[in-house]
Amino acid sequence: MPKRIRRPSSIVVAALAVLIASQIVTSAAAAQSILDPVSPTAASLKRLYQIVFVLGVTVFLLVEGLILYTAVRFRRRDGDGEPKQVHGSAKAEVAWTIAPAVVVLGLAAASYGPLLEQRAAPADALVVDVTGKQWFWEFAYPEAGVITANELVVPVGRAVRLRLASADVIHSFWAPQLGGKMDAIPGERQGGHGRNEMWFRAEREGEYWGQCAELCGVQHAGMRFVVRAVPELEFTAWLAAQAAPAVEPAPGSLEAAGRDAIAGLACVGCHVIDGVEGMVGRVGPDLTHVGSRRHLAGAVFENTPENLARWIDRPAEMKPGANMPALGLTPEQVEAITAYLLSLQ
Ligand code: CUA
């Protein structure tokens with residue numbers, strides 16, 4: 001008689017169950033969770049997720065239960081002869097074809113509404129053009145003529161309509177607490193943003209992290225962003241400040257030296273600073289108000305003087321693969337440029 005296959009010990013099964021349960025609990029508490037929605041669009045996705053989850057668990061328990069039952073109830077016993085041979089059962093086959101089809105059609109029906117909802121922005125929504133670039137997110141407010149990066153500032157309680165595009169490869173915009181994933185597709189820039197759209201309405205103040213959800217190169221993981229939902233008045237003030245040209249440094253100051261340095265370097269080919277002549281590059285982030293941002297380099301680093309200086313000096317050390325080159329700057333240049341950029345509030 002062949003040796004019996006050992007069943008997995010109950011300890012292993014229990015350990016797995018605890019692991020899975022703890023994952024569910026911790027992910028609910030973490031920042032980027034679909035289980036803690038703050039937008040109606042995300043809330044309907046959470047409801048859909050719960051339907052799918054309950055259905056999945058039900059099917060799992062039913063199937064596994066039947067397997068266990070038959071394995072125990074009909075196991076081979078000593079003295080058993082040849083079992084009764086059966087060849088097909090029309091009833092069983094029809095049943096196991098129709099039942100899954102009903103489940104799948106039901107899921108499709110339940111998904112349809114929430115999917116349409118993700119794109120159906122209210123008419124009075126604030127429009128933001130979102131561009132994925134290797135490797136950061138650019139946010140433009142076309143009505144105000146403002147372009148920023150890494151941080152999407154929005155008024156709390158107001159619908160925001162995002163028109164997505166990409167400057168290079170396919171990226172995917174995803175802030176789990178605010179809604180589903182939506183691809184940012186290259187080529188849309190030529191025809192204007194708008195083929196891929198989504199919207200959200202942040203119902204409470206706060207910071208909601210998101211990240212690129214489509215493999216887009218070596219720094220795919222370094223393509224994060226934060227949505228900051230602030231009171232309407234604070235938003236209006238922020239937008240007005242961002243729409244102003246860059247502050248003019250005092251003559252003879254370190255900041256002025258920094259501005260003069262930057263205007264004579266290759267920086268001008270990739271960055272815009274509104275007010276500095278010749279800085280018209282659209283490849284990297286618009287730096288007109290870079291000092292007002294809390295994050296750098298695809299929101300991977302905080303915008304501190306140390307981080308900014310290091311980023312200007314040795315970008316590849318902080319973000320391997322980043323498209324910003326090291327320019328071989330002198331320590332004096334790094335110091336002056338850092339001071340100037342931080343002054344751009
Ligand atoms: Cu952009 Cu991944």
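For ligands, and for the atoms within them, numbers begin at 1 and follow the listed sequence.
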Keeping to distances under 2.8 Å, can you name the protein N/O/S atoms close to atom 1 (Cu) of ligand 1?
H171 ND1, C212 SG, C216 SG, M223 SD
Applying a strict under-4.5 Å side-chain criterion to I, L, V, M, F, W and Y, I'd like to know whether M223 and M182 cluster together.
yes
Output the distance between atom CG (L162) and atom CH2 (W199), rounded to the nearest 0.5 Å.
11.0 Å
In Å and rounded to the nearest 0.5 Å, what is the CD to CZ distance from E117 to R119?
13.5 Å
Can you hop from Y208 to L126 via hydrophobic side chains spaced under 4.5 Å?
yes
Is there a path of hydrophobic side-chain contacts, each under 4.5 Å between heavy atoms, that joins L344 and L239?
no
So how far is it from T148 OG1 to Q242 CD, rounded to the nearest 0.5 Å?
5.0 Å
